[in-house]
There are 2 protein chains.
Amino acid sequence: MNLRELSQVLGLSQTTVSRALNGYPEVSEATRQKVAAAARKHNYRPNTRAKGLATGRAMAIGHVIPVSSQHEVVNPVFADFIAGAGEIYARHGYDMMLSLTGNREEARLYRDLGAKRSVDGIIVHAPRVEDDRLDLLQDINLPFVVHGRFGGPTDGYNWLDMNNRRAFARATGFLAELGHRRIALINGLESMDFAARRRDGYLEALNNHALSPDPALMVSHEMTEFNGYDATLALLDLPCPPTALLTSSMISALGVRRACHERGLVMGRDISLISHDDDLSYFRNGGRVPDFTSLRSPVRDHGRRAAEMLLRVIDDPDSTPITELLEAELQIGLSTGPAPAPLRPARQG
Amino acid sequence: MNLRELSQVLGLSQTTVSRALNGYPEVSEATRQKVAAAARKHNYRPNTRAKGLATGRAMAIGHVIPVSSQHEVVNPVFADFIAGAGEIYARHGYDMMLSLTGNREEARLYRDLGAKRSVDGIIVHAPRVEDDRLDLLQDINLPFVVHGRFGGPTDGYNWLDMNNRRAFARATGFLAELGHRRIALINGLESMDFAARRRDGYLEALNNHALSPDPALMVSHEMTEFNGYDATLALLDLPCPPTALLTSSMISALGVRRACHERGLVMGRDISLISHDDDLSYFRNGGRVPDFTSLRSPVRDHGRRAAEMLLRVIDDPDSTPITELLEAELQIGLSTGPAPAPLRPARQG
DNA sequence: CAGGAAATTGAAAGCGCTTTGAAAATCGGG
DNA sequence: CCCGATTTTCAAAGCGCTTTCAATTTCCTG
């Protein structure tokens, strides 16, 4: 059933039917009712493509998800981010289009999106420290919002990010104040911007507490359970092992915990751990009292906010760039405690 | 740059340019070259909506992902499934459209997809035992492929599933043959078809080994690490605890392992575990020798196959239903061993 | 070199919708 | 009851592409 057929059924012109359905004021209430009833009865929905062609709007948002070519890995945070964004799109009648791409064809994909006009805007995921996408994006003529930030200047485009630097400085400082002097960082891939900022925050806090960074305590990997486990074992095998760990994801934190248990260490007593926590639906952090002390920053909420931001930008393309910096919440759980005795934290100061 | 402009630049008709770009034979090689060069130079891509309107094809596939309204949970297997499907779509020039929906608006969403014609076919996720979607899907006129099967008759529609029943029968049998008599099942939500079939396979194998099922050993939950942990602790607290466990997901298996460690049980010696393993990129099962004995069935591969199947159906809509039943591979790892002595397995038979 | 066949190009209609500009119907006031 | 103002409706153009059918050009053969 298309518009022509529907209007024939009603004995009205396409114009009137279209207007009635789209809420234009110049159609009488009586006919509007009739039209609405007929549309419902015949299960009429305007053809997306035709509508898009006529209005110049696709009513769709593109998400470009880089698939790390190294390990062909799909980050589970996308699932939650997209769930959040999807809520907003649904509410505003937008569809969500997903493109997965390796680094190779990335440029072509963005140009395609720009030229094919199948979406009204895009959300850019997983910005890297060195990333040539910014120029590209500014070149193709499509509104976009970045989840995170690119390395380099952070103005001139729309982004939504959490304050990775401050969060990790905060957590590191918290551990230092508990008397820990050897604090390890189990980070994500530091070619990713978020991981680089976390490292910077970590280093900044070490510096503020007069602790000198030790490269042996800083590792950077894809954030899997397995990597968290491996990294922790290696760290514990060090001649002078850390007494506290900082990890970039709940998933690696699971591996950290496993390694610690395996070595007979009790978390919060023998060793302390703070994890970043994206609040993924499949990895809730304990119940009332969280298992892990964590930096909480629900990625699903990021999805919602980024989507709202993009829709705003689409409605007003010439607005000055919007940015939103979210603070993570330091949530004290069971996995942190004062540095164990051998370090004699009481002696200091 | 659109087709009209491009053809004006070239001094050719739109017809010829369109034909040249789409590889029709009735255009001379010379002009084809010229057209291709100009298109490249001006970065021309046909407008998706216009092309779709003219051809009647959206060149897009819809994925409808139910969001479990109970806990607002997005299953991480979707990420990998979609990565697999996305590969195939990209290769064939299709886009991927995602819709997330709670059970409430499900029916309306499918009807929308059918009527709006914004996709050429859909992949249906997470079929339930009781599921009214089959009628709905047959009603709206769109090709579809189900990942999994609905409860009830399994013919008359296209699906791709793993042999859940046989896999779990196999694993249960394997444990029974190791002498285990108290085998617990930590299943996913048994309102889901896959989980119901797994339970059936488990029961079938128990029966074949003359073991009577014990409701206290069968639990059914959302498959999170936390639930796996909780369930295992509860099972171990039973007056007569299980000596072997079967779990429906690597993620819950992580929780199972944690609970076991916490109770000082060594996996493969004091207690055995077989996990289903979707081979998710963030939860690889150990290295050369897998940590867990597991039923391996890579969901990313399912995604690829389901996508290929759907494209085939779209090309030939009147074909008889295609179905594909994949067998999981039982992969022996370190988490299984003979039942511990107290049960005296040697006595039997 | 004529003439028909084959190869190549083009004009125009159509896909299903929105929207402009014009026409028809209705209304209110003298 | 008539006329201008206001509502309400409609015909037709246009969005950017494909495709049918017709026109033109090129080629080959006798």
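- Direction change of the helix axis from one end of the helix from C:dC1-D:dG30 to C:dG30-D:dC1 to the other is 50°, with five pairs defining each end axis (rounded to 10°).
- Taken residue by residue, residues 37-61 of chain A places heavy atoms nearer than 4.0 Å to DNA chain D at A:Leu53, A:Ala54.
- Of the N and O atoms on the side chains of A:Arg32 and A:Tyr24, not one donor lies less than 3.5 Å from an acceptor on the other residue.
- Distance alone, capped at 3.5 Å, is enough to place a donor-acceptor pair between the B:Arg49 side chain and the A:Gly52 backbone.
- When atom types are taken as modelled, the side chain of A:Ser18 and the backbone of A:Gln14 share no donor-acceptor pair closer than 3.5 angstrom.
- Counting heavy atoms from C-beta outward, B:Val313 and B:Phe144 have side chains that stay 4.5 Å or more apart.
- For the pair A:Thr15 and C:dT19, the criterion of a side-chain N or O lying under 4.0 Å from OP1 or OP2 is not met.
- For the pair B:Met309/B:Ile88, no side-chain contact is recorded, criterion being any heavy-atom separation below 4.5 Å from C-beta on.
- One N or O on the side chain of B:Glu5 and one on the backbone of B:Asn2 form a donor-acceptor pair closer than 3.5 Å.
- Of the possible donor and acceptor atoms, one in the side chain of B:Asp120 sits under 3.5 Å from a partner among the backbone N and O of B:Ala58.
- Both B:Asn22 and A:Glu29 lie near DNA chain D, and the one whose nearest nucleotide falls closer to the 5' end is A:Glu29.
- Listed for the A:Tyr157 side chain is no donor-acceptor partner under 3.5 Å among the backbone atoms of A:Leu137.
- Protein chain A contacts DNA chain D over a range whose 5' and 3' limits, counting nucleotides with an atom under 4.0 angstrom from a non-hydrogen atom, are D:dT8 to D:dG16.
- Residue B:Tyr24 has no polar side-chain atom (N or O) positioned under 4.0 Å from OP1 or OP2 of C:dT9.
- Rounded to whole Å, the distance from CG on A:Leu3 to P on C:dT19 is 12 Å.
- Remark on DNA chain D: of its neighbouring residues A:Leu12 and B:Met1, the 5'-side contact belongs to A:Leu12, judged by nearest-heavy-atom nucleotide.
- Between A:Leu21 and A:Ala39, the shortest heavy-atom distance links the atoms CD2-CB, 3.9 Å.
- Nucleic acid contact class of A:Ser28 (heavy atoms, under 4.0 Å, all strands): sugar-phosphate only.
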Stepwise, does the side chain to side chain contact (heavy atoms under 4.5 Å, CB included) test hold for A:Leu100 with B:Met96? CA-CA 9 Å; A:Leu100 298 116; B:Met96 177 160 68; 3.5 Å; yes

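- Here the P atom of nucleotide C:dG21 and the CZ atom of A:Arg19 are 12 Å apart, to the nearest Å.
- Between A:His63 and A:Phe78, the gap from one ring centroid to the other reaches at least 6.0 Å.
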